[in-house]
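Protein chains get the first letters and strands the later ones, always in sequence-line order, with residue 1 at the start of each. Side chains included, hydrogens not; waters and symmetry mates left out as well; all remaining heavy atoms used.
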Amino acid sequence: MTYLTPILAGVAAAIAIPSLIILYFLKLRRRNVEISTTLLWKKAIQDLQANAPFQRLRRNILLLLQLLILGGMLFAIAQPQISRIALDSQRHIILIDRSASMSSKDEPDGRGGFRSRLDAAKEQALALVASLREGSAFATAGVGGGDEAMVIAFDASAAILQNFTSDKARLSDAIRAIQPTDARTSIEEALRLVRAQGKQRVITDTGSNSTITSEELFSDDNDLALHLWSDGRISDLSAAKPGPERTFEYHQVGKAESGNVAITSMRAERSFDDPKELSIFVGLQNNEALERAVDVELRVNDTTAQIRAVLVPKATMPIQGGDAASAASAITPGVGGTVFKLDRPEAALIQVTLRQPSSPESPAGDVLATDNRAWLVVPPAKRMSVALVSDGDLFLESLLSVLRLSKVDTMTLAQFEKLVSQGKSTDYDVVVLDRVLPKVGLTPSGLPPGRYIVYGSIPTGSEAPLQTTGEAGPQGFLHWNREHPVLDGADLDPVTIASSRQVSIAPGGGAVTLATGDKGPLILEVTTPDTHAIVTAFHPLDSTWPWNVSYVVVGASMVSYMGEGFEQGVAARMVSPGSVISDRLPSDAKDITIDLPGNERESLALSPDARVTFGPVGTAGVYRMTWDGSMGPSDITVGGRAARYFTANLLDGAESDTHAASTIALPNKNVEAVARTSSDGNRPLWPWILMGALAIIMLEWFVYNRKVQV
Amino acid sequence: MLKSLSTKRPQSLEDLLPGELIARLDPLDLQSRKVFFGKLKGERRSKKRGESVEFADHRPYVMGDDIRHIDWNIFGRLDKLFLKLFLEEEDLSLHLVIDASASSDCGEPNKFLFMQKAAMALGYVGLVNLNRVGATSMGGWTGGREASDGEENGVQPSLAVGATIRDLRGRRRVHDLSRWICSLRPGGALSFRAAAERIAITRRGKGIMLVFSDFFFKEGYEQGLRMLVGGGYDVFCVQVLSPQEVDPAGGGRGGTPGDGIAGDLRLKDVEDGDTADVTISAPLLKRYKSNLAAYCDQLREFCLRRDMQLLTVRSDTPIETLVLDYLRKRGIVR
C-alpha cells in the first residue's frame, strides 16, 4: 500500500485529534432541564467520579466513534492506494503492435471463443493505464504528480496516439481507438519515437573563439519504462537501436503454436507467344507441423472461375533445445502453391481465396484471415502497335519485325509530325524515333505526348528533364540497372560506343539513368505527365551494339516495357498494406475519389505534376479510383467516370507466420515476455475510507439517539 | 422529576374526587393504632374510661361515686359494692400536611395534584365520620387562587408553613376543605424543619397526621419528622414520587420514549436553582436508582424507629388504590 500524502495526513492528525478531544470535553453542549431536586443526581455523579480519571473517556462510546470518524478522514487525506500491478517508473511508453499478425484470433475471450491479439493487448494496456499512480489531490507543480504515459501504435509505420499525460481517460481512449491493420510489422520508426522521449542534448555555440558547449536537458532523470505489446513477429528487431528507457517489458499476446495457412505470393503473367493466355501463380505457406489441405478458389471479376485442391507441406520444427527466441525463429513454414491458367484477353480483377476442402468456410484452425485472400488487377492482353520514325534503319526494322506486334508503321518525320498535329500520334503504343525529334506538339519533356524510344537524339527544352552539352565521344558501359525491366538480363559489357552525346539531367527530376558509361549517362528513362520515353545518348549504329545479342534483348524489353503504359503491368497496381498508393492520372482529371474496401469513399486532390497519393493503406483489398476526365490506356469506365483499380495484399511470409514469440531479440539483449494479469490496477482507497467514515457517522448518530432514549 | 410544563389545577371537589370515588369512600373510617382523647364525644373509642354504654371494667365503690353505676349483681354474690366502668367515646383529629414546594409541582402525573387528591380523599373520610379535620401546606404560594402569579405581584412563596385550615367537622365542611385544597399553589423552596416546627407548635389536640411529600429535603428530613412525631400525633408519611423520579430514562412526559431525560444535560433544581451537569448513561442511571432506593430505605427505617409509618407511592397510582388498598392495609382506614 502506498500513501500519496502521508506527511499531510500526519500534520492534520496532530492537530485534529487533540482538538477533538479537547473540544469534546470543553464545549459539550448541554440541554437545560428543570427537575424536582438534584439531591440524588449529585450523589450519583460523585459516585461515578470516584473512579479512574479517564473513565469518561474510556466509557464514552460517542467520543470513540468520533475518533474513529476523524481517524478515517485523516487516513483518507493520506490517500492510500493498493497497487495490484507494481510500477517502478513514473513515465511509461505503451507500444502496441497493430500489424496484420495481431489480427490473429487465438486469445481466449473468456466466453469459450477467441478474440484477436490486438484486443487482448488493448485490454492489458488498459489495465496498465488503470494501475498508473494518480497524482495527489494536493499536488502542485512538480510535486505530488502521478504517473504519466504515452501511447504509440505501430505496424509498418508508427504514430503517437497520445502524448505524455496522466489523464487516464485520454490514455484509455487512445488505446481503445487503435484499429487493426493488414500491414507488416516494423518497430524501427516506433523506437525512433521512443528515443525522442529521452534526454535531449542542446549544443550552444558561445562564440567564434569559444568552445562549443553542450547542455543536456534531463527530461525525467531516465525514469522511463517501455511496455511493448506484440506477438513478437517483428522482422527488424535486430536493427532496433536501444532507447532511453530504464526498463523494457515485452508483453506477449498470442500463442506460440497458432496455426495459419496463408497466401504469401501471387502474380500474373501473359504468355509471350499468346497474350490471351493468362497464368496466375499463387504461393502458399503453412506454419503448422501438419500438412494442410486447402481449396484455392480463383474468382475473376467476382465470379468463381476455378477451384484447385492443394496440399501444403508441414512446417519444419527446430530440434529440441536452445532458447525460445531461436526456437521461434527456427521454424521453417511449409510452402506450396498452384498455378491457374485462363484464357483471358480482357483485363480482369483476380481474387484468390483459401477455403476448407469442399467448403466455403475459411480453413479450419486458421487464426489469421487477412492472408487467406489476395487480389490482382490484370491489364488486358494486347499486341502493341509501333511507329518507326526513321529514314531507314535495317537493324531497327529487323528488330521490330521479330517482335510480336500488331503492326509496325515506318514513316518519315514529316509524316509523324502530321500525325502529331492531327492528334493521332498516341494511336501507337510506342513510337521509335531513330535519330530524329519532332518539332510539333511538344510538351515540356521535349516530345509530343506518348511513349517513345529515342535512339541517338536527346529531347530537350526549357523544362525538359534532359539537357545535352555536346559530344561525349567514345565510351563503354560501366554500370547499368540490372533490376530494371528494360535491362533485366542484358550484358552490355562488350558494347563499344564510338560516339555519344553528353547528357545531363536537369534539376527537378523526371529522368533517371538506367545505364552509365565512363563519360556519363548512356540510357535514360524520362517520365513526365504526358510523356514516357527511353532515351539513348548514342545511336546503335555508332556502336557495336547491333552485333550484340543484348541489342535485341534490350530492344524487345524496351518495346514491351513502354507498351504496357504508365502502370507497367500488374505490379504497378499492387501495394502492400502500410504503403501508399501513388499514381499519375491524366492531367485533366477532376473530382477524384477512391473507394476503400470497407465501402468508404474519400476524395483525393491532383498534385501539380498530375499525381495522386492515398495512404498509408491500412486494409488489404481492392481500391477503386475514379475521376471525371480522360482515361489512361488501361483505364475503364464505371458509372460514366474513368476508373482505375488497385489492390493491397499482405503477401508476407514473415507476417503470416503466426507463432507468437515468448522472447524478442534486441540488439543488446533478449527480452522475455512478462506475465501480466488483467486487474483493476491501482485502487485508491480514500473513497472507501470516506464511505466508512460516513457509516460511522451514521452509527454515531444512532448511538447518540439511543443514548438519549436509554 | 421534570417540572411540569402546564398542569391543570383542580377547581372544585369534582376535580379532586369523582362521584364514584366518593361513593366508595363513604363506608370508610379512619383509625389509628393509638387511641387519643378528644374534646368532644365523637364516634371514636378512647382508652379513657368514662361514661358510655359499653361496660369496660369494675372497681370498688368509694364514697362519692355515682350509685347508678353500682353493679348489683356482684353485690348479690359477694356482698361487696363494685362500680361499673364504661368506655368513653372520643373524637379523632386528622391533620393533613401537604408539601407545596416547587419540587412537588413536578412529574407526570403531577405529584402535587396527586397529593391534593389524596388529601381530599382522606379529609373526606374524616369529615363524614365527624372527625376534626385540619390541613396545612408547607411552602408554596399563599393568598388564594391568584397566588400562582405571586411573583408578578411581588409576593414570595413561603419557606415554611404556607396555608392552614382547621377544625373542620362534618359532611357539610367537605366543600370548605376542597376549596382550600384547590387554592393551593405549589412553588418556591421549603425548609421542612421550619415548617414542621411551626406545625408542631400550632397544632392542637392529638390525632393522625398524614404528611404528603417527596421528602427530598437537602437539609434532611430527620429534624422535621422528629418535631412532628414529638407532637403526639400518629404520623403517617406518604412519600409521593413521580414515575420520572423512579425511572428517569423510561418515564416520559407523555409516557412515550424520547421524552425522558437523556443525553448531555444541565439539571436545575426548581427550588434552589442548584445545577448539575450530567451525561446520561447507563452507569449513571444505575447509580441514581441505587441512591434513590437507599434514600427511601433510610427514610423508611427512620420512620420505623420513631413509630411512624411510611408509604412510598407513585403519582400515577389511582387514588382509589391508595385509599382502599394501600392505606387500608396499613390500618389508616377501615
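Here B:D269 contributes atom CG and A:W41 contributes atom CH2; the two are 13.0 Å apart, rounded to the nearest 0.5 Å. For the atom pair B:T275 OG1 and A:E34 CD, the distance stands at 12.0 Å (nearest 0.5 Å).
When every heavy atom of B:F217 is checked against every heavy atom of A:L39, the shortest pair comes out as O-CD2, 4.3 Å. The minimum heavy-atom distance between A:A44 and B:Y288, with the atom names listed, is CB-N, 3.9 Å. Considering every non-hydrogen atom in both B:S103 and A:S36, the closest pair reads CB-O, 3.4 Å.
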Exercise for review: Dump the intermediate steps for side-chain contact (heavy atoms from CB on, under 4.5 Å) on B:N291 and A:D47, then the final yes or no.
Suggested key: CA-CA 10 Å; B:N291 291 344; A:D47 291 345; 3.6 Å; yes

Practice item. Check the pair B:V270, A:I35 against side-chain contact (heavy atoms from CB on, under 4.5 Å), reporting the backbone distance first and the verdict last. Key: CA-CA 6 Å; B:V270 292; A:I35 57 172; 6.0 Å; no

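Neither the backbone nor the side chain of B:S101 comes within less than 4.5 Å of any heavy atom in chain A. Proximity to chain B involves both the backbone and the side chain of A:K43, based on heavy atoms less than 4.5 angstrom apart.
Side-chain contact annotation: B:K218 with A:T38, donor-acceptor N/O pair under 3.5 Å present.
For A:M150, the CE atom counts as densely surrounded, since its 6.0 Å shell holds more than 12 non-hydrogen atoms of other residues, nucleotides or ligands. Within 6.0 Å of CZ in B:R198 there are 12 or fewer heavy atoms belonging to other residues, nucleotides or ligands. More than 12 heavy atoms of other shown residues, nucleotides or ligands fall within 6.0 angstrom of atom NZ in A:K42.
For the side chain to side chain contact (heavy atoms under 4.5 Å, CB included) test with B:L267, the passing option among A:V33, A:T37, A:I45, A:N32 is A:V33; the others fail.
By the ring-ring contact (aromatic ring centres under 6.0 Å, His included) test, B:F216 is found to be paired with B:Y295, residues two or more places apart in sequence or in another chain being considered. Partners of B:E301 by side chain to side chain donor-acceptor pair (under 3.5 Å), not counting sequence neighbours, listed by chain and number: B:R305.
In this structure the side chain of A:L40 never reaches within 4.5 angstrom of the side chain of B:E245, judged on heavy atoms.
Among the candidates B:L292, B:V278, B:D277, the residue making the largest number of heavy-atom pairs closer than 4.5 Å to chain A is B:D277.
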